[in-house]
Amino acid sequence: MSDGPSDRDDDSYLVAHRRDKLARLRSAGNAYPNGFRRDTLAEHLHGRFDAVDATSLAAETRVYRLAGRLMAKRVMGKAGFAQLQDASGCMQLFVQQNAVGEAAYEAFKNFDVGDLVGAVGTVMKTKTGELSLKLQRLELLAKSLRPLPEKWAGLTDTETRYRQRYLDLIVNRQARETFLIRAAVVRFLRQFLDSLGFVEVETPMLQPLPGGAAARPFVTHHNALDRDLYLRIAPELYLKRLVVGGFERVYELNRNFRNEGLSSRHNPEFTMLEFYQAYADYREAMELVETMLRDCALAVCGCTAVRYQGANYELGRPFRRLTLAQAVAEANPDLDPARFGDRNHLAEAARARGVLVGREMGAGKLLTEIFEKTVEAKLIEPTFITEYPTEVSPLARCNDANPEVTDRFEFFVAGRELANGFSELNDPDDQALRFRRQAEAKAAGDEEAMVFDADYLRALEYGLPPTAGVGLGIDRLVMFLTDSPSIRDVLLFPAMRPER
RNA sequence: GGGCCGUUAGCUCAGUCGGUAGAGCAUCGGACUUUUAAUCCGCUGGUCGCAGGUUCGAAUCCUGCACGGCCCA
């Protein structure tokens, strides 16, 4: 950690007390032993014995070994209770002086909440019926020098939760569950695509040309080659090269980097799933996304009904579909849909809605701006928006009936874009034309415009099969499935400004 | 980038009109062999985010900055 607090700058009296204890441990032997082995987990014991009555438990003579963090300590003279937390859950420990011995009991009294301990004993039930481990032995495995947040109020300060995620994970069950669900989502998506014959690949994160999306890249430098490289903003162009190469179903699930601001929906590095399927179009891709999201919710949450920030969502029904133009017309009744190709009309409407209209913006770009301004946040129910203007879709295939729009969709839920997909543009001459238009936009000042990628064109010239592709934002999907209001809640270590 | 809100003990939070810095939990000492927010008794613990300014006097008012949150771009 480069931006952490300076060395030992905040030793309080609380830390000092614990350091004294550590010093005594050191003089008595190895203060950080690594010899203790557990043979079970808290949840295993609960699963096995919670339903067993106290008298039957009293006959259980098997000795179990647990290890974990001490989360509570209640000492009453010559006996005490403690709470041990391991990766699976919690188990109460019952410590009696005459069972563990006087020396071990004294040591126990000196343990602090937060210490890592090993506990050996038999199962029992207390008089209130709580399953506990009646200890024969208790040993310290690692001393905790800093006090944990208070047991009742816990840790709520968002800044500390993000900067010291380990603390958040120790004390906030919700945080732990969020990241377990995240892992389950990723696991599900891989299984889902694998089962359909998709091949997972890894393509460059350091790219000579940043391509595949409209975004500003991070720039870095390769010393040996003495050239700048770009952290990828998307893997798209590489994945389509692989489709050219015969990987007809291919996906990558990994990090992208975009040099943009931080917000509750944006982190400079974020995780994207991109998958490509040859001999399919965007409509089939939509079907696949529908199935994928429904099955994902089912696998991860157990049902297709999702509660997010106080509202209910149903992923079990087919998602609403409408074109971008329809959506704009619906949300802007004062606009004339018949004039959606009229740049002047749209420029005026865009300006009236606070859009900074640039000279290089055509009708398609302006319509999209108006869409983003007036529609996106209102797309609450799961919705596919289709027919994005060709002008804003330089990698998507034109619609056969109307070349002004592309065979493209974006998926929205809870007012947020979760996925983007289209029938891939596989006509190399059309792609060359689109790249040139992007280069013109870049020259005119659009910093997010794409760069001309000659090698990608060369690949297209060998022949890209008709293909559909989709990008799915994993962080936003996990936000949705874990009822998390901020992207920072689903990133273990979100980007933060340096501390102090 | 702009607006609003926040930053006080390890944690969660009070702090009135500008007049010696408070609580709960945790810590520390003592009692206690079925507690579970254990209980009881006693004691600790502070660079009030940072830097200036106003004032006899600033946690409090003003300015700037840092970090965080929400909203907007």
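Computed from a prediction, not measured in an experiment: that's the story for all the values here. So you know, we letter chains A, B, ... as the sequences are listed, proteins then strands, and number each from 1.
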Does a side-chain N or O from [X] land closer than 4.0 Å to OP1 or OP2 of [N], or not?
X         : N      : value
Lys73(A)  : U27(B) : no
Arg497(A) : A66(B) : no
Arg18(A)  : G10(B) : no

At 4.0 Å (heavy atoms only), tell me whether [X] reaches a base, stays on the sugar-phosphate, or touches nothing.
X         : result
Ala79(A)  : base
Met124(A) : base
Glu130(A) : base
Tyr162(A) : sugar-phosphate
Lys134(A) : nothing
Val75(A)  : base
Lys78(A)  : base
Thr156(A) : sugar-phosphate
Arg161(A) : nothing
Gly80(A)  : nothing
Asp157(A) : sugar-phosphate

Item to check | Closest-nucleotide 5' rank along RNA chain B - winner of Ser263(A) and Val113(A) | outcome: Val113(A)
Item to check | Closest-nucleotide 5' rank along RNA chain B - winner of Arg74(A) and Leu148(A) | outcome: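 Residue closer to the 5' terminus by nearest nucleotide: Leu148(A).
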Checklist outcome for this item: When rounded to whole Å, the NZ to P distance for the pair Lys373(A) and C71(B) reads 16 Å
Checklist entry - Is NZ or CZ of Arg258(A) both nearer than 6.0 Å to the six-membered ring centre of Phe270(A) and within 45° of the ring axis? => result no
Checklist entry - Knowing that exactly one of Val478(A), Asp475(A), Thr271(A) qualifies, which makes a side chain to side chain contact (heavy atoms under 4.5 Å, CB included) with Leu491(A)? => result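 Between Leu491(A) and the candidates, side chain to side chain contact (heavy atoms under 4.5 Å, CB included) is satisfied uniquely by Asp475(A).
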Checklist entry - What orientation do Phe384(A) and Phe319(A) show, parallel under 30°, tilted 30 to 60°, or perpendicular over 60°? => result tilted
Checklist entry - In terms of the angle between their ring planes, are Tyr313(A) and Phe480(A) parallel, tilted or perpendicular, with boundaries placed at 30° and 60°? => result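 The rings of Tyr313(A) and Phe480(A) stand perpendicular, inter-plane angle above 60°.
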Checklist entry - What integer number of Å spans the C1' atoms of A59(B) and U16(B)? => result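 My reading of the C1' atoms in A59(B) and U16(B) gives 13 Å.
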Checklist entry - Given Glu369(A) and Lys365(A), is the salt bridge (charged side-chain N to carboxylate O under 4.0 Å, His left out) satisfied, shown in steps? => result CA-CA 6 Å; Glu369(A) 291 280 335; Lys365(A) 172 74 172 168; 3.4 Å; yes
Item to check | Base-pairing mate for A23(B) - Watson-Crick or G-U, with both contacts under 3.5 Å | outcome: U12(B)
